[in-house]
Student: 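Take a look at the following structure, please.
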Amino acid sequence: VQLQASGGGLVQAGGSLRLSCAASGSPSSFYVMGWFRQAPGLEREFVASITWNARNIYYADFVKGLFTISRDDAKNTVYLQMNSLTPEDTAVYYCAASPGILTNSRFAKYWGRGTQVTVSS
């Protein structure tokens, strides 16, 4: 499975971004897809994940209803809609895939390269 994340950029505080992660090489519907982020000097942390057919969705506590993960298996793509962004959301965002649960980076089997999100104050 190859994962390609996109959609990052520079946004002002309070703004929104939608990240996309396109999967290729294997039907993404067989995998749990998720997003992680890593800020400079910090460990990579879980953001959200979604099982195939969107049956189960998990969010990190800090998401607080401001981020929404979704997937389109017909397009082999997973999305992360991020609203009300703050400077604390600045990080490189990575998409990941796992054949099972995906709420911790050690469970990921495949990683995308990451896309930079910068939120200015």
Side-chain angles (χ1 to χ4, degrees):
V1 175
Q2 293 80 46
L3 305 175
Q4 180 63 51
S6 62
L10 174 64
V11 63
Q12 289 187 333
S16 299
L17 282 174
R18 189 175 84 150
L19 306 182
S20 299
C21 176
S24 61
S26 182
S28 65
S29 61
F30 296 111
Y31 291 90
V32 180
M33 305 287 290
W35 290 95
F36 293 77
R37 69 183 187 183
Q38 187 167 19
L42 299 180
E43 293 185 353
R44 192 169 298 187
E45 64 177 351
F46 169 72
V47 177
S49 63
I50 184 168
T51 58
W52 73 274
N53 210 22
R55 178 166 294 180
N56 293 295
I57 295 175
Y58 303 94
Y59 292 104
D61 290 342
F62 66 79
V63 168
K64 298 179 181 178
L66 300 178
F67 295 0
T68 302
I69 190 171
S70 61
R71 65 190 291 165
D72 184 337
D73 287 332
K75 297 181 179 180
N76 288 342
T77 301
V78 63
Y79 305 96
L80 184 68
Q81 176 67 43
M82 304 186 294
N83 299 324
S84 300
L85 288 162
T86 72
E88 289 68 37
D89 295 315
T90 295
V92 177
Y93 283 70
Y94 297 89
C95 63
S98 168
I101 189 170
L102 187 58
T103 56
N104 188 290
S105 60
R106 66 179 182 268
F107 298 144
K109 184 174 183 180
Y110 303 100
W111 289 99
R113 278 194 174 184
T115 183
Q116 176 70 47
V117 171
T118 303
V119 185
S120 62
S121 57

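In this text the structure is predicted, and so the values were computed from the model without any measurement.
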Student: With sequence neighbours excluded, tell me which residues meet side chain to side chain contact (heavy atoms under 4.5 Å, CB included) with A22.
Tutor: T77
Student: For A23 versus V1, what's the shortest heavy-atom pair and its separation?
Tutor: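 In this case the closest contact between A23 and V1 is CB-CG1, 4.4 Å.
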Student: Table please: side-chain donor-acceptor pairs of residues 96-105 below 3.5 Å, with sequence neighbours left out.
Tutor:
residue: S98; atom: OG; partner: G100; partner atom: N; Å: 3.0
residue: S98; atom: OG; partner: G100; partner atom: O; Å: 3.1
residue: S98; atom: OG; partner: I101; partner atom: O; Å: 3.3
residue: S98; atom: OG; partner: F107; partner atom: O; Å: 3.1
residue: N104; atom: OD1; partner: R106; partner atom: N; Å: 3.0
residue: N104; atom: OD1; partner: R106; partner atom: NH1; Å: 3.3

Student: Give a yes or no on whether the backbone of A5 and the side-chain of Y94 come within a donor-acceptor separation of less than 3.5 Å.
Tutor: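 It does not hold such a pair.
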Student: Decide whether I57 and M82 are clustered together by the hydrophobic rule: side chain heavy atoms of Ile, Leu, Val, Met, Phe, Trp, Tyr closer than 4.5 Å, transitively.
Tutor: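 Yes, it is one cluster - the side chains of I57 and M82 are joined through contacts under 4.5 Å.
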Student: I need the S6 OG to R18 CZ distance, nearest 0.5 Å.
Tutor: 9.0 Å
Student: Do Y79 and W111 sit in the same hydrophobic cluster, where Ile, Leu, Val, Met, Phe, Trp and Tyr count as joined when their side-chain heavy atoms come under 4.5 Å apart?
Tutor: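 No, Y79 does not connect to W111 through the hydrophobic network.
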Student: Does the T51 side chain pair with the main chain of N56, one donor and one acceptor, at a distance under 3.5 Å?
Tutor: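 Checked: pair present.
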Student: Using 0.5 Å steps for rounding, measure from the OH atom of Y59 to the CZ atom of F46.
Tutor: 9.5 Å
Student: Looking only at heavy atoms, which two atoms of Y93 and L19 are closest? And how far apart?
Tutor: CB-CD1, 3.5 Å
Student: Please confirm whether the ring centroid of Y110 lies under 6.0 Å from the ring centroid of Y31.
Tutor: yes
Student: Cluster question for you: counting only ILVMFWY and a side-chain heavy-atom cut-off of under 4.5 Å, with indirect links fine, are L10 and L80 together?
Tutor: no
Student: Are there over 12 heavy-atom neighbours, none belonging to E45, within less than 6.0 Å of that residue's CD?
Tutor: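 Yes, because the 6.0 Å sphere around CD of E45 holds more than 12 heavy atoms from other groups.
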Student: Decide whether F67 and V11 are clustered together by the hydrophobic rule: side chain heavy atoms of Ile, Leu, Val, Met, Phe, Trp, Tyr closer than 4.5 Å, transitively.
Tutor: yes
Student: Could you state the interatomic distance from CG (L66) to OG (S84), rounded to the nearest 0.5 Å?
Tutor: 5.0 Å
Student: Side chains of M33 and L3: closer than 4.5 Å at any heavy-atom pair?
Tutor: yes
Student: Which atom pairs, donor and acceptor, lie under 3.5 Å between side-chain atoms of residues 114-121 and protein residues at least two apart or in another chain?
Tutor:
residue: T115; atom: OG1; partner: G8; partner atom: N; Å: 3.1
residue: Q116; atom: NE2; partner: A91; partner atom: O; Å: 3.4
residue: Q116; atom: NE2; partner: T118; partner atom: OG1; Å: 3.3

Student: Test of understanding: with side chain to side chain donor-acceptor pair (under 3.5 Å), list the residues that count as partners of R55, not counting sequence neighbours.
Tutor: none
Student: Side chain to side chain donor-acceptor pair (under 3.5 Å) with S16: which residues, sequence neighbours excluded?
Tutor: N83
Student: First locate atom CD of Q81, then atom CD1 of I69, and finally report the distance between them rounded to the nearest 0.5 Å.
Tutor: 12.0 Å
Student: How many angstroms lie between atom SG of C21 and atom CZ of R113, to the nearest 0.5 angstrom?
Tutor: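 Separation between the atoms: 13.5 Å.
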Student: Name all residues meeting the side chain to side chain donor-acceptor pair (under 3.5 Å) criterion together with Q38; count only those two or more places apart in sequence or in a different chain, and write none if there are none.
Tutor: R44
Student: Once you round to the nearest 0.5 Å, how far does SG of C95 lie from CD of Q4?
Tutor: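 If I round to the nearest 0.5 Å, the distance is 8.0 Å.
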